[in-house]
Amino acid sequence: MRKLAYLLTISAGSILISCESRTYEEISDNTPITLPVKYITDVKPIMDNNCNACHSATSFKPLATYDQVKNNIDGILDRIQRSDNDPGKMPKGGSLSTTQINIFIKWKADGLAEN
């Protein structure tokens, strides 16, 4: 009986020690964006690293310039926010982080500034 009580105590202690007490906001990458978002400094690097391999200047749907991205922001927001199992989800074969998606959302809310 003592061995069982000992094992239960050790097991309960291990479980309590391994549990995280941090909130979702503390561990997620959903960091609030407080500064104004601009195309050149914030949006373009995301486009260059995640979108322009398929959406280059010579592609069927170019998104390589400020005007092209600005004029297609609603479609971009729709595609990057779709669920992972949606065939129209962009970028193909991956997903932007929540922070990257929030940069696009805030860029639109901030008025789509270039510089």
NZ of Lys61: more than 12 outside heavy atoms within 6.0 angstrom? no

Taking the side chain as C-beta and beyond, is there a heavy-atom pair between [X] and [Y] under 4.5 Å?
X      : Y      : value
Lys106 : Asp110 : yes
Leu77  : Ile73  : yes
Gln81  : Ile105 : yes
Ile46  : Asn49  : no
Met90  : Ile76  : no

What do the steps show when you test Phe104 against Val43 for side chain to side chain contact (heavy atoms under 4.5 Å, CB included), and what is the final call? CA-CA 7 Å; Phe104 281 91; Val43 175; 3.5 Å; yes

Take Ile80 and Gln100, measure what side chain to side chain contact (heavy atoms under 4.5 Å, CB included) needs, and give me the verdict at the end. CA-CA 10 Å; Ile80 64 176; Gln100 289 172 316; over 6 Å; no

Once you measure the plane-to-plane angle for Tyr66 and Trp107, does it fall in the parallel (<30°), tilted (30-60°) or perpendicular (>60°) bin? perpendicular

Indicate yes or no: does Asp86 engage Arg79 in a salt bridge with an N to O separation below 4.0 Å. no

Can you give me the closest heavy-atom contact between Ile40 and Pro45, atom names plus distance? O-CD, 3.5 Å

With distance as the sole criterion, is a donor-acceptor pair present between the side chains of Asn85 and Ser83 under 3.5 Å? yes

Closer than 3.5 angstrom, by distance alone: can the side chain of Asp42 be matched with the main-chain N or O of Val37 as a donor-acceptor pair? no

